[in-house]
Every structure is written in structure tokens, then in C-alpha cells.
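All ligand and atom numbering here is 1-based and tracks the order in the structure.
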Amino acid sequence: MSTFSLDPGPDQLAVRDWLHGFAADVMRPAAAEWDEREETPWPVIQEAAKLGIYSLDFYAQQFFDPSGVGIPIAMEELFWGDAGLGLAITGTTLAAVAVLANGTDEQIGTWAPQMFGTPEDVKLAAFCSSEPDAGSDVSALRTRAVYDEAKDEWVINGTKTWATNGGIAHVHVVVATVDPELGARGQASFVVPPGTPGLSQGQKFKKHGIRASHTAEVVLDGVRVPGSCLLGGKEKLDERLARAREGARKGGKNAAMATFEASRPAVGAQAIGIARAAYEVALDYAKTRVQFGRPIIDNQGVAFQLADMKTRIDAARLLVWRASWMAATNQPFTSAEGSMSKLYAGETAKYVTSQAMQLLGGNGFTREYPVERMHRDSAIYTVFEGTSEIQRLVIARAISGMPIR
Ligand SMILES: Cc1cc2nc3c(=O)[nH]c(=O)nc-3n(C[C@H](O)[C@H](O)[C@H](O)COP(=O)(O)OP(=O)(O)OC[C@H]3O[C@@H](n4cnc5c(N)ncnc54)[C@H](O)[C@@H]3O)c2cc1C
């Protein structure tokens, strides 16, 4: 009997339907307002927390789904509701995944629950890696963490930028360099606990899209955190640095690569949610808008556009599900399949939302219809979590084995 199947199981379908209800009933009606206000949509996050959608338990359950598709299904549904609100609800998971991937059991137990708070007292978390001079080139981070052995504390100095939830988060996870000579392999991640002196928010960015999600600079000025805030612990870091020094001489690979490959499909799934939402609006519109005495979809030129949109969305989903399944079942990403899925899904969201605007004519250009917002929101999906160019670079290196620049 064949074991191959693309059918989500009953549990996954139940989660999908539950989230779809939340996306349709709570997110959709609130989306335009929060996009205009460009503020953190606390009432929506609180409602998600009350229902258990914004909770550590929920994400942990999806994260550990053995098929791998729990997270992509959840992301697609929430971002079908709205991308700005979706990121406001899921932005914390970036920091949570960093703790899950790098932290000890004790650190996970201490920090992961604090990142979400409780339904009565909701909290957010932020993952701070990017810097003004280190975006695509993560090896160029300047934020420095220095160990103060006498006090068993780390002292962190630097400026982070583009941090989702930066400055408004309860818990910040900060990537800093501990040995600049080792580039990306000389870096470590630190938890900065709530209320730590020296951490402050810099400018909050006014953005083109996903405007309900808070994005800001984070300034770290003499921030002191206990030794226990180094994710993974000092012993493991020292071993890793020793291996990296050895690896540097042998030209070894960056261990962080595998983690990125595994998390990228989730971001691809968000892009698919936006694309599917815009496609549905365009399909309905094309069937009902009458010009020259017939619905515009009666024109092959229009119908074929919709056929291409739907085909690309489904292809993107298949790539995302494949990469998610590979990550969950520990298959090696020999062709950078995680990057492939994010690249294709991000580009698809931009393509589909742009086509949808065109199909809606003048209405597509107004804020009376949601496709212009979806188009603005989609634009970030070829930029964050690795730009499309960086995904191509990663794929090209993986398939060729060459140090392509
Ligand atoms: C809304 C938003 C939210 C974000 N959230 C977070 C967050 O929570 N935490 C965080 O740490 N970061 C976050 N980021 C940062 C994001 O990951 C970076 O913006 C992204 O990695 C690109 O870096 P950059 O903006 O410095 O662009 P650059 O790296 O300067 O790139 C500029 C252009 O050059 C191209 N380019 C660069 N190098 C190459 C190359 N080798 N080959 C070909 N082309 C190249 C890029 O593809 C791009 O088109 C966020 C960004 C935004 C806008």
C-alpha cells in the first residue's frame, strides 16, 4: 500500500477550519482599520490569545506536527485573513523559534511562556538580528557581546534595525558577535529579559505594507544580562567557537544554514495566504464585472490570467509543504528546498496581488477593495527572511557546490 499522501489529516483540517473562522470573522473586518492606524492591534492579539491562537501551546503543537504541515497550514490561513494582523499575531514566533532552536530545556521553559504572556496579560517577543550595515550579510553584525567573567554577565552594545516588535516586546532575543574574526560562526544569541536597563526602542518605521505590524530599531547601550541568558550556555558556545576556528581553517559550513532552511517555508506559507486571498477577490470580481455585455472572465485573456494565478499558488504551496515535510522528517536540503519554497512563494504573492489589482481595474487601485493592501503587504515577502536574490544565491550554491558570489 502506498504511504504517499498530500491529504492533511483530520486534526490539521480542524485547525485550518478553526483558524479560517478567526481570519474571516475577526481579522478581515479589522484589517483596513489597523492598516490605516499603523499601530499594534492589541485588541486583535488579545482576542487571538483568548481563543488560544496566540499561545505557546498552539504554536508548539503545530511546530511539532510530525508531518511538518501544521505551521504552513496555520500561517496560510492567518495571512489569508490579513498579513499585517497576521504578523502582529505571529511575530513573536521568530524569537520563540530562536529559543527553541538554540536554548537549553531550562531556557525554553523559562523564556518561551514569558514571550506570550497570558490571555489576561498578553506579551510579545522580538528577534533582533539585522543591523544598519548587516542585512543580507549577516556575517557583518557589529553588535558585540563581551563576557564579564567576574560577574558571570554578558555586556551587549550595538544597534539593531528592522526588528518586528522591537522595543514593545517583553522579551528580546539579540544576535551578537562574540568573536568578530569568525563572522557568522562567531555569533551567539542572547535573551534580554523584560525591563533590562540599556535596551531602548529607536525609530519606529512607517512602512509600505504590513503596517499593523510594529517594526523598529532597538538600541543596546551597555546592556548587561546574566550568563544564563546566553542561549545554549557558555560551555556549548566555547565548544562551537573551537569547532568554528577549526572549521574556518578547513573552510567548514555555517551551522545556522540548516535552521534558516527549516524556517523559510513558514514565511512562504504566509505569502501564499496573501496570494490566495487576492486571487479569490479577483476571481469573484472577474465573474461579476460586466463590460462589453459579458463578465470580463469570458475573455480568454482574463481567464488565463486567473488560471496562471491559481497554478502558481498551488505550485508554491506544494514547494512549501515539501520543504516543511523534509524539515520535520530530517531530510537533508540538498538543493536548498527551504529557500526554493520561500523564493517561489514570495514572488508568487507579488505576482498574484499585482495581477489581481489589474483585474479589478480602477477599483483595484482604491482602498475600497482589499487587493491594493494585499499588494502592498506582499512586497515584503521578497525582502525579509532573506531577499529573493539571497534565496537564489543559496539555491545556486547548493545545486552547484560552487562558492557563487
Ligand atoms: C518589515 C520588516 C520586518 C523585518 N523583521 C525583522 C526582524 O524581526 N528581525 C530581523 O533581524 N530582521 C528583520 N527584518 C530585516 C530583513 O530581514 C532585512 O531587511 C533583509 O534581510 C534585507 O536586508 P537589507 O534590508 O539590509 O537589504 P540589503 O542586504 O542591503 O540588500 C539590498 C539589495 O541588494 C541585494 N543583495 C544584497 N546582497 C546581494 C548578493 N550577494 N547578491 C545579489 N543581490 C544582493 C538584496 O537582494 C537587495 O535587493 C525586517 C525587515 C522589514 C522590512
Arg264 and side chain to side chain donor-acceptor pair (under 3.5 Å): which partner among Ser324, Ser341, Ser339?
Ser339
Under 3.5 Å, is there a donor-acceptor pair linking the side chains of Tyr54 and Thr92?
yes
Decide yes or no for Arg245 and Arg185: does some side-chain heavy atom of the first lie under 4.5 Å from some side-chain heavy atom of the second?
no
Between Gln391 (side chain) and Glu385 (backbone), is there a donor-acceptor pair under 3.5 Å?
yes
Counting only heavy atoms closer than 4.0 Å, does ligand 1 sit against the backbone of Thr387, its side chain, both, or neither?
side chain
Taking only heavy atoms of Ile380, which atoms of ligand 1 are found under 4.0 Å from at least one of them?
1 (C), 2 (C), 52 (C), 53 (C)
Within the distance-only criterion (no hydrogens, no angle test), does the side chain of Asp377 pair as donor or acceptor with the backbone N or O of Ile210 below 3.5 angstrom?
yes
For atom 41 (N) of ligand 1, what is the nearest protein heavy atom, given as residue, atom name and distance?
Leu393 CD2, 3.9 Å
Is the shortest side-chain heavy-atom distance between Arg312 and Glu347 below 4.5 Å?
no
Which residue and heavy atom of the protein sit nearest atom 26 (O) of ligand 1, plus the separation
Gly135 CA, 3.2 Å
Tell me: protein heavy atom nearest atom 37 (C) of ligand 1, and distance?
Ser136 OG, 3.8 Å
Could you go through Asn363 and Glu368, starting from their C-alpha distance and side-chain angles, then the distance that decides it, and tell me whether this counts as side-chain contact (heavy atoms from CB on, under 4.5 Å)?
CA-CA 7 Å; Asn363 281 330; Glu368 299 298 308; 5.6 Å; no
Give the numbers and elements of all ligand 1 atoms closer than 4.0 Å to a heavy atom of Leu94.
8 (O)
Which residue holds the protein heavy atom closest to atom 12 (N) of ligand 1, what is that atom called, and what is the gap in Å?
Ser130 OG, 2.8 Å
Under 3.5 Å, side chain of Lys160 to main-chain N/O of Val175, donor-acceptor pair present?
yes
Nearest protein heavy atom with distance in Å, relative to atom 44 (N) of ligand 1
Glu389 CB, 3.5 Å
Determine, counting only non-hydrogen atoms of the protein, whether one lies under 4.0 angstrom from atom 6 (C) of ligand 1.
yes
Any pair counted as ring pair (Phe, Tyr, Trp, His ring centres under 6.0 Å), so long as it reaches residues 378-405, sequence neighbours left out:
Tyr381-Phe384
Give the residue and atom name of whichever protein heavy atom lies nearest to atom 40 (C) of ligand 1, and the separation in Å to one decimal.
Ile390 CD1, 4.1 Å
Find all atoms of ligand 1 within a distance of less than 4.0 Å from any non-hydrogen atom belonging to Lys207, and give their numbers and elements.
1 (C)
Any protein heavy atom under 4.0 Å from atom 35 (C) of ligand 1?
no
Quick one: look up the protein heavy atom nearest atom 20 (C) of ligand 1 and list residue, atom name and how far away it is.
Val383 O, 3.7 Å
Residue among Val320, Val267, Ile390, Leu319 satisfying side-chain contact (heavy atoms from CB on, under 4.5 Å) with Lys342:
Val267
Less than 3.5 Å between some nitrogen or oxygen of Phe127 and one of ligand 1, yes or no?
yes
If we count only N and O atoms by modelled type, under 3.5 Å, do the side chains of Gln331 and Thr329 hold a donor and an acceptor together?
yes
State the atoms of ligand 1, each with its element, that fall below the 4.0 Å cut-off from a heavy-atom position in Thr164.
3 (C), 4 (C), 5 (N), 6 (C), 7 (C), 8 (O)
Under 4.0 Å from one or more heavy atoms of Glu385, ligand 1 contributes atoms 17 (O)
Using a 4.0 Å cutoff against the non-hydrogen atoms of Ile210, which atoms of ligand 1 qualify?
1 (C)
Just by modelled atom types, is the Arg142 backbone N or O under 3.5 Å from a matching donor or acceptor in the Glu131 side chain?
yes
re atom 51 (C) of ligand 1, the protein heavy-atom contact at minimum distance is Trp162 CB, 3.6 Å
Is there a polar contact, in the sense of an N or O pair closer than 3.5 Å, between Ser129 and ligand 1?
yes
Per-atom contact, atom 30 (O) of ligand 1, protein heavy atoms, under 4.0 angstrom:
no
